Engineer: 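Take a look at this one; I'll ask things after.
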Amino acid sequence: MTTVIPHSELVKRAAAWVAEHRAEQPSRPLTDIVDEAGARFNLGPMETEMLLDLFRNCHNDHIQE
């Protein structure tokens with residue numbers, strides 16, 4: 001039997017995956033990590049772009065502090 005995972009949960013899992021891989025591979029381009037997360041978690045272009053914006057903004061906020 002197949003388990004259906006709500007799309008919002010996939011986005012949360014993808015964000016956690018990006019955060020984890022970003023910490024493990026800080027020199028790897030963020031776009032590459034987010035693109036891989038989009039493919040792994042079957043996200044659409046809008047969700048992938050949202051993740052990219054989220055992590056870019058998070059990084060910029062951290063620098064300004």
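Note that the structure is a prediction, hence the values are computed from the model and not measured.
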Engineer: Of all heavy-atom pairs between Ala23 and Pro26, which one has the smallest distance, and what is that distance?
Structural biologist: O-CD, 3.7 Å
Engineer: If you compare all heavy atoms of Leu30 against all heavy atoms of Arg56, which two are closest, and at what distance to 0.1 Å?
Structural biologist: CD2-CG, 3.8 Å
Engineer: Minimum heavy-atom separation for Arg22 and Ile33, please, with both atom names.
Structural biologist: CA-CD1, 3.9 Å
Engineer: How long is the straight-line distance from OG1 of Thr31 back to CD of Glu49, given to the nearest 0.5 Å?
Structural biologist: 10.5 Å
Engineer: Which heavy-atom pair separates Thr48 from Val34 by the least distance, and what is that distance?
Structural biologist: O-CG1, 3.4 Å
Engineer: Side-chain donor-acceptor contacts of residues 13-21 below 3.5 Å, not counting sequence neighbours, with atom names and distances?
Structural biologist:
residue: Arg13; atom: NE; partner: Glu9; partner atom: OE2; Å: 3.3
residue: His21; atom: ND1; partner: Trp17; partner atom: O; Å: 3.0

Engineer: What's the separation between atom CG in Asn42 and atom CD in Glu47, rounded to the nearest 0.5 Å?
Structural biologist: 9.5 Å
Engineer: Quick one: do Met50 and Val11 satisfy side chain to side chain contact (heavy atoms under 4.5 Å, CB included)? Show the steps, please.
Structural biologist: CA-CA 10 Å; Met50 181 207 56; Val11 174; 3.5 Å; yes
